[in-house]
Structures are given as structure tokens and as C-alpha cells.
Amino acid sequence: MNYTKTIVKIINKRRVVNMPALRASLNGRSRCSVFRDLSTIMHLSSFTHAGGYFTLPNIPSFDADGLWFSGEIGFSSCGTLKDSVHRIVSESNSGYTHEELKSLFRVRVHNVLLDLVHLKRIGREPLSEGKTYL
């Protein structure tokens with residue numbers, strides 16, 4: 001059995017799939033083996049659900065921010081949540097608050113923002129009320 005071709009067929013049919021569904025479709029193939037199979041094909045991992053969902057690059061129709069959602073599952077043209085937040089904030093003329101980014105990405109991004117600030121990849125400034133940062 002050619003597992004990579006089977007995985008591609010499964011993802012093309014379902015559009016978005018998680019590891020348990022892949023393993024079930026592959027007769028209980030081990031998690032490590034399925035990850036090894038996935039590594040041989042171009043695929044995207046979700047930035048939501050701890051990267052637990054997969055799709056193929058030809059499936060998403062990314063919006064202007066490079067995001068695509070299949071229900072509650074989010075994918076980004078940048079790959080990771082951290083890279084996506086960095087790009088969107090860096091390209092913004094006026095910046096974003098945590099709440100604006102949380103609404104855009106549909107997940108909490110507080111830790112990602114703190115990591116990016118500590119890495120000096122983005123900056124932050126307190127707004128007038130002092131509890132919200134831009």
C-alpha cells in the first residue's frame with residue numbers, strides 16, 4: 001500500500017483531517033509512521049488545535065490576511081501562529097491590540113505576543129488606559 005498517495009486522497013476528499021482520522025483510515029497505522037508519511041508530502045498544519053489538523057496547500061482559499069478557516073480550524077499561509085502574528089503586526093501601519101488579534105485569529109495570542117516582544121521581533125506600547133497594549 002502506498003500510504004502517501006492514500007493520505008493525499010483522504011485529505012483531498014475531507015479537506016481537513018486530524019491524526020486519529022488518518023490513522024483510522026490507514027487501518028491503525030502508528031502515529032510515528034503517519035507523521036513520517038506526512039513529512040514526504042507538502043501539507044499544512046493548523047495553527048489552532050495545537051497543529052493537530054492537516055490539509056494540502058491547494059485546498060485553502062486564504063483571505064487577505066493569509067488565513068483560512070474550516071469551521072473552527074485555522075490555517076495560515078505563513079504556517080505557524082507565531083509567524084502569522086508577526087507578519088500581520090509587522091505589516092500593519094497602526095498595530096493591533098491583543099483583542100483585535102484574538103478576534104482575527106479566533107484564538108488567544110497573548111503568549112505569542114509576549115514571545116515576539118521578548119525576541120524583539122515586534123514592539124509594544126501602552127494605550128492611554130495603561131492596561132491595553134498596541
Side-chain angles (χ1 to χ4, degrees):
M1 173 181 235
N2 186 329
Y3 291 108
T4 54
K5 284 184 180 180
T6 303
I7 289 172
V8 169
K9 286 180 185 177
I10 293 166
I11 297 174
N12 273 321
K13 182 178 179 182
R14 298 184 186 178
R15 300 177 46 91
V16 173
V17 66
N18 63 8
M19 182 59 69
L22 277 176
R23 289 189 64 217
S25 297
L26 298 170
N27 299 317
R29 188 160 167 81
S30 78
R31 199 171 191 278
C32 289
S33 294
V34 175
F35 273 122
R36 192 170 40 256
D37 298 334
L38 278 168
S39 73
T40 66
I41 60 173
M42 291 294 297
H43 70 282
L44 301 172
S45 297
S46 62
F47 67 79
T48 61
H49 301 83
Y53 285 85
F54 311 99
T55 193
L56 299 174
N58 62 307
I59 292 175
S61 296
F62 293 111
D63 64 16
D65 293 314
L67 304 177
W68 177 70
F69 291 88
S70 177
E72 296 177 358
I73 305 161
F75 293 87
S76 170
S77 60
C78 291
T80 66
L81 179 61
K82 186 181 286 187
D83 288 342
S84 304
V85 169
H86 177 254
R87 183 186 60 79
I88 286 174
V89 170
S90 297
E91 292 177 0
S92 169
N93 292 329
S94 57
Y96 284 90
T97 65
H98 173 262
E99 288 302 317
E100 291 170 329
L101 290 168
K102 182 179 174 184
S103 175
L104 181 66
F105 286 96
R106 304 180 191 178
V107 293
R108 184 176 181 270
V109 296
H110 182 76
N111 293 343
V112 170
L113 289 172
L114 284 177
D115 285 348
L116 290 170
V117 167
H118 289 139
L119 293 169
K120 300 189 184 325
R121 291 179 65 192
I122 63 172
R124 71 177 186 170
E125 300 173 14
L127 292 179
S128 58
E129 60 270 7
K131 292 183 180 181
T132 303
Y133 289 87
L134 184 67

### Query
For L104 and E99, what are the C-alpha separation, side-chain angles and deciding distance, and is it a side-chain contact (heavy atoms from CB on, under 4.5 Å)?
CA-CA 9 Å; L104 181 66; E99 288 302 317; over 6 Å; no
### Query
side-chain contact (heavy atoms from CB on, under 4.5 Å) between L81 and V107: does it pass, once the steps are laid out?
CA-CA 9 Å; L81 179 61; V107 293; 4.0 Å; yes
### Query
Hey, mind stepping through H86 and I122 against side-chain contact (heavy atoms from CB on, under 4.5 Å) and telling me if it holds?
CA-CA 7 Å; H86 177 254; I122 63 172; 3.8 Å; yes
### CA sep, side-chain torsions, deciding dist, call: R29, D37, salt bridge (Lys or Arg N to Asp or Glu O under 4.0 Å)
CA-CA 10 Å; R29 188 160 167 81; D37 298 334; 2.8 Å; yes
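Using a 4.5 Å heavy-atom cutoff, the side chains of N18 and F54 are not in contact. Side-chain contact between V109 and N111 is absent, with no heavy-atom pair separated by less than 4.5 Å. Within the 4.5 Å cutoff, side-chain heavy atoms of L44 are placed close to those of P60. At a threshold of 4.5 Å between non-hydrogen side-chain atoms, the residues K13 and K9 do not count as touching. Between I7 and L26, the closest side-chain pair of non-hydrogen atoms falls below 4.5 Å. Put simply, the side chain of F35 reaches to within 4.5 Å of the side chain of M19, judged on heavy atoms. Annotation: side chain of R106 is not in contact with side chain of T48 (no heavy-atom distance under 4.5 Å). A heavy-atom distance below 4.5 Å is found between the side chains of V17 and R14.
Summarising the local packing, CD of E72 is surrounded by 12 or fewer heavy atoms from other residues, nucleotides or ligands at distances under 6.0 Å. Atom CZ of R31 has 12 or fewer neighbouring heavy atoms from other residues, nucleotides or ligands inside a 6.0 Å radius.
Nearest heavy atoms, R87 versus C78: NE-SG, 3.0 Å. Across every non-hydrogen atom of S84 and F105, the tightest pair is CB-CE2, 3.7 Å. Between M42 and L56, the closest heavy-atom pair is O-CD2, 3.5 Å.
Residues R36 and S33 have side chains that bring a donor and an acceptor to within less than 3.5 angstrom of each other.
Taking the six-membered ring wherever Trp is involved, the centroid distance between the rings of F75 and W68 falls below 6.0 Å.
For H98 (side chain) and H110 (main-chain N/O), a donor-acceptor pair under 3.5 Å exists by modelled atom type. Put simply, the side chain of D83 never gets that close to the backbone of G79: no donor and acceptor are under 3.5 Å apart.
For the atom pair L38 CG and Y3 OH, the distance stands at 14.0 Å (nearest 0.5 Å).
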